[in-house]
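Encoded as structure tokens, the structure appears first; notes follow it.
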Amino acid sequence: MFKSAKRALSLAAGVAIGLSAASSAWSASSLEQVMKERGLTQKDVLAAAKTYVPTGGRDEYLVFSSGGQSGQVIVYGIPSMRILKYIAVFTPEPWQGYGFDEESKAVLAQGRINGKDIKFGDTHHPALSETKGDYNGKYLFINDKNNPRIAVIDLHDFETKQIVVNPIMKSEHGGAFVTPNTEYIIEASQYAGPLTDEFVPLEDFNDKYRGAVTYWKFDMKEGRIKPEQSFSIELPPYSQDLSDAGKGPSYGWSFTNSFCSERYVGGIERGRPPFEAGCSSKDTDFLHVINWKKAAELVKAGKAKTINGHKVLSIKTAVDNGILYLVPEPKSPHGVDVSPDGKFMIVSGKLDSHTWVYSFDKIMKAAKAKKFEGKDPYGIPIIAMKDALHTQVNVGLGPLHTQYDSKKCIVYTSIYVDSMVTKWNYCTGKVLDQMPIHYNIGHLMAMEGDTVSPDGKYLVALNKLAIDRFNPVGPLHPQNHQLIDISGDKMQLLYDMPLPLGEPHYAVAIKADKLKPAIRYRSGWNSREDKRSPYKARAGREKIVRSPGKVEVFGTLIRSHINPEILEVTEGDEVIIHLTNLERAQDETHGFAMRGGNVNLSVEPGKTATARFIADKAGVYPYYCTEFCSALHLEMQGYMLVQPKGYKAKASGMKEGVKYTEADYKKQVKTNLDTQAVIDSVVAFITSHNYKDFPTVVALVEDATDQLGFAAEAKKKSEAAAARKDWQNAMLWANQWWQYQVKTADMGLRAKTYLEQNGAKKIK
Ligand code: K7E
Ligand code: CUA
């Protein structure tokens, strides 16, 4: 009865208290005592207080971190560093049903290469969509270094909607970076290759291998990349690296690094020194300076050639039209980061101890005056370093990436070899502070640090190694993100967070209140394509459609049953199961899993998802809901019966385990009426308070009202059966009526507790 629901709730609370009580520190009464027992210093406690988010609290920033070899995106909060989600992108991921339902299989299929399904991606650089150089909270993009691809994630539901394969690159690294209004998503190649798909021997490297930078056109309204409006610029085979887009005065331009401009091709087995020797022999490499705005006009004017169906501007066309320049940059550079005001670009050479600050203004002046120090072997004009440089600062050995503070001219550079962060001023060229990092920092990220208006506050060091920072878990270690307080003059280390999911190369942090994710889908929604599913089913309209060799189910999910519960098919049938989650309640996802065939769906409220498979072996296949959705979740089950060909069903009906009497029915009805009285008292409490001021409670009340409606329907069926003296069905429907009441009571109680804890006021 209702009491049992209450008991279950208090039981859960008891368990939670028991757990915390197990730690002796918790039971200690004073802060000093806890510090003593746990060996914490004052500094530790201060750091803890700066990161701790009390139960039920929210983080100020959300981070989207690359998931490296997992092919996913990791979402976590700052300052708490609590992981909130892994977004499946290039890789099948069962929890989200990604790569299991037919709808998401279609998304992954967009990323096929040479007709092959690619089940792995190496994600490096996430980028948030921007308007006027600021994050608008709408979309996230991320690249796949291994299989040159870019994915589009919609932040309305944190799902991957599109994957585009780069038609000319064989490898990439310099993606994804966006232009200030997300006109384009920039993707630069890494290891050079022929732009076509043919075989070309390495002996032809200088002549026939090429790099490129692709500008993917993005339609913000539709939320999709438009491949037919996208284009690339052919570049020399220089191993292009990271990119960044200009803004403000440099709007319309983009910048791409390179390494191995020596164009050295290794070959240890041929007795040649390895790549690493030949790729670092010169003192400088090249920064590519490209006018993407003019390039787009040239493409429109028909100046591009077509390779693999994709528009490509040749080096010659780019040079002839003054949209491509080179500037020497320190040996083996990694990041290029444009300042918030768009006037400077900071570049670091991994094999150097300096960061080099370039002035966009100086570069433009030299370009206009045609003041070049020469041309590279491909005819691209080279602007002398002295004509482009603003300043050069000694920051430590192995500088990689730079992020901007909210304070003018203040930046933070990750120093790989010396394993530290250097804080410095790029206007004066002065180093201000240095902090050791454990161990070997790669990227670093400040809050909204790559926008036109960085927030400062926190910095995260994305470290390559964890070594001894955490409890050992075998030879494969997690990665370590270290949270640093940058609000003062000196940097303060606050927290170490292990990330056990691939190598997160880069991350971006957005103010959490800029995101407006949905809590449910519109009913019958194909979330992967963002449109109403033609396969949606409504309550009471579920059906099974049969044709020769095929069974198609239009079913529903709602606490706590799957409709259909019995599915009979014939061996060899193609089975297609469309399931719609009828819930409107927040966080009432149902799953659907069946033995033996990779059948696994995640169906969030409102969603319609499809499983398709061949029932190739006769037998019995239980299926069930995989999310603990209610007290009767375990009963959210069913059977698929795969009958052998030619099977004839037995004539007799199903035998039930228990025979019910009129007394059973009456007892159940009494329980139901008692439960109703409790529900009524909860409802009275809620409606006598200003519950409409609490959106959480309004949602709970909506859900409870739905459940109560279902209860009323079951009640009717039970009473109709009782009138026929069919005590079996009367009792079963009375029980169903009670099941809905329990769900109602559960919502009601949650709403009541919420109101009590959040200071609701009595009205009238
Ligand atoms: Cu690992 Cu940007 Cu791909 Cu640097 S990247 S460290
Ligand atoms: Cu639905 Cu468990």
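As a basis for the values below, the full set of heavy atoms in this structure was taken, side chains included, without hydrogen atoms, waters or symmetry mates. Order of appearance sets the numbers: ligands from 1, and atoms from 1 within every ligand.
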Tell me whether the centres of the aromatic rings in H633 and H590 are closer together than 6.0 Å. no
Does the ring of F259 carry K350 above it, NZ/CZ under 6.0 angstrom from centre and within 45° of its axis? yes
Flag, side chain of E102 to backbone of A611, donor-acceptor distance under 3.5 Å: no
Angular separation of H401 NE2 and H334 NE2 about atom 4 (Cu) of ligand 1, given to 10°: 90°
Could you check whether atom CD of E276 has more than 12 heavy atoms from other residues, nucleotides or ligands sitting under 6.0 Å from it? no
Measuring only between side-chain heavy atoms, which start at C-beta, is M491 closer than 4.5 Å to L493? no
For ligand 1, which atoms have a heavy atom of H125 less than 4.0 angstrom away? 2 (Cu), 3 (Cu), 5 (S)
For the residue pair Y404 and F344, is the inter-centroid distance of their aromatic rings smaller than 6.0 Å? no
Under 2.8 Å from atom 2 (Cu) of ligand 2, the protein N, O or S atoms found are C625 SG, E627 O, C629 SG, H633 ND1
Give a yes or no answer on whether the side chain of Q240 reaches the backbone of T256 with a donor-acceptor pair at less than 3.5 Å. no
With a 6.0 Å cut-off on ring centres, are H481 and Y76 close enough? yes
Counting only heavy atoms not in F554 (residues, nucleotides, ligands), do more than 12 fall under 6.0 Å from its CZ? yes
Is it true that R149 and D144 have a side-chain N and a carboxylate O under 4.0 angstrom from each other? yes
Atoms of the protein (N/O/S only) found under 2.8 Å from atom 1 (Cu) of ligand 1: H505 ND1
Non-hydrogen atom of K145 closer than 4.0 Å to ligand 1: no
Around Y624, counting heavy atoms of other residues, nucleotides and ligands shown, do more than 12 lie under 6.0 Å from its OH? no
